[in-house]
Amino acid sequence: MSSPMIRKLNALLKTERMGKVLHYFEEVDSTNNVLFDLAGKGASEGTVVIADAQTGGKGRLGRKWVSPGGHNLYISVLLRPDRAASESALLTLLASIAVYECLKKTGIQAPSIKWPNDITIERRKVSGILTEMEPVGERAEFIVLGIGVNVNMSRALMNREMGEFARQATSVSENLGREVDRAKFTADLLLELEKWYGIMNSRGKSEILKEWTKRWGGKNDRVRVSIEGRESYEAVAEGIDTEGFLEVRKEDGEIERVISGDVTIIS
Ligand code: BT5
């Protein structure tokens with residue numbers, strides 16, 4: 001995102017806090033890393049880091065987020081909720097709602113949320129969310145919410161950059177058949193984030209869980225659950241519990257809570 005686009009973003013931004021302090025970089029390793037450092041130095045809630053390109057874009061569990069420059073959105077937002085550690089899973093769901101709503105506003109008719117952190121269009125991943133907090137063992141004082149969205153990435157670029165998983169990825173522009181204004185998309189996303197964070201703080205977690213479930217496309221999907229160090233198993237997705245963890249029904253009827261790990265849809 002060139003700096004004229006950041007000027008445009010500043011002009012379009014209708015939030016009270018989110019993005020009012022905004023750090024923009026042409027290229028960083030990871031916007032989450034940059035914001036993590038700023039948070040440690042006392043940056044205020046709502047501080048945002050955006051980069052045009054990331055050299056070390058991070059997914060979950062040590063995976064990579066493909067982050068070429070010139071087309072997409074790589075953004076991290078600092079939150080300082082009351083009980084950061086216990087709210088991290090919930091904030092991922094909250095961010096998913098915000099991305100979902102933003103995609104709808106941009107013209108995508110049927111985005112879908114896949115637990116825990118993917119937004120898809122026709123089962124292809126258009127956005128991923130990485131929520132990070134301080135290392136386990138210390139009290140988490142803040143949450144860094146990282147969101148990557150393939151906004152204007154072309155099919156040719158996805159094929160070139162992503163290798164074998166290009167088939168499972170898509171971009172907003174690929175679906176709309178036109179380029180999307182990244183500044184407007186980012187302004188809309190920050191407004192949605194602020195709105196849903198406000199709803200969580202005023203009406204409580206249960207409201208977020210309810211709204212997430214409404215938008216979730218996965219109930220009754222047959223899934224394969226893969227958890228590190230355990231044999232994977234098939235189950236049926238049931239819903240989420242009060243902390244935002246997925247509940248699946250195993251073949252013997254037992255309900256299991258999936259805290260982390262990968263859930264692949266089989267049918
Ligand atoms: C995620 O992880 O989906 C979290 C991605 C978060 C990225 C943002 S960008 C701003 C901020 N700064 C960061 O460094 N990160 C955050 P996970 O569920 O582990 O998914 C990773 C997997 O998605 C990879 O193994 C690929 O299969 C696939 N993938 C990687 N890059 C992709 C892309 N650009 N579009 C679609 N799929 C991608």
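Order of appearance sets the numbers: ligands from 1, and atoms from 1 within every ligand.
Residue-level proximity to ligand 1 for Q54 is carried by the side chain, the only part with a heavy atom below 4.0 angstrom. At a heavy-atom cutoff of 4.0 Å, ligand 1 is contacted by the backbone of I129 but not by its side chain. For I147, every heavy-atom contact with ligand 1 shorter than 4.0 Å involves the backbone, none the side chain. When non-hydrogen atoms are compared, ligand 1 lies under 4.0 Å from the side chain of F165 (C-beta onward) but not from its backbone. Contacts between N150 and ligand 1 below 4.0 angstrom, taking non-hydrogen atoms only, involve the side chain exclusively. With a 4.0 Å heavy-atom cut-off, ligand 1 is reached by no atom of L61. Contact annotation for K125 and ligand 1: heavy atoms of both the backbone and the side chain come within less than 4.0 Å of the ligand. Here K64 has backbone heavy atoms under 4.0 Å from ligand 1, and that is the only part of it that gets that close.
Remark: I255 pairs with E238, E247, R249 by the side chain to side chain contact (heavy atoms under 4.5 Å, CB included) rule, at least two apart or across chains.
Donor-acceptor pairing under 3.5 Å is recorded for the side chains of T131 and T92. Looking at Y197 and E192, their side chains never bring a donor and an acceptor atom within 3.5 Å of each other.
Under the side chain to side chain donor-acceptor pair (under 3.5 Å) criterion, the residue pairs touching residues 119-130 are D118-K125, with sequence neighbours excluded.
Atoms of ligand 1 found under 4.0 Å from any heavy atom of A169, numbered from 1 in the order shown, are 36 (C). Short contacts between ligand 1 and M162, defined as distances under 4.0 Å to a heavy atom of the residue, involve ligand atoms 33 (C), 34 (N), 35 (N).
At most 12 non-hydrogen atoms from other residues, nucleotides or ligands lie less than 6.0 angstrom from CD of E16.
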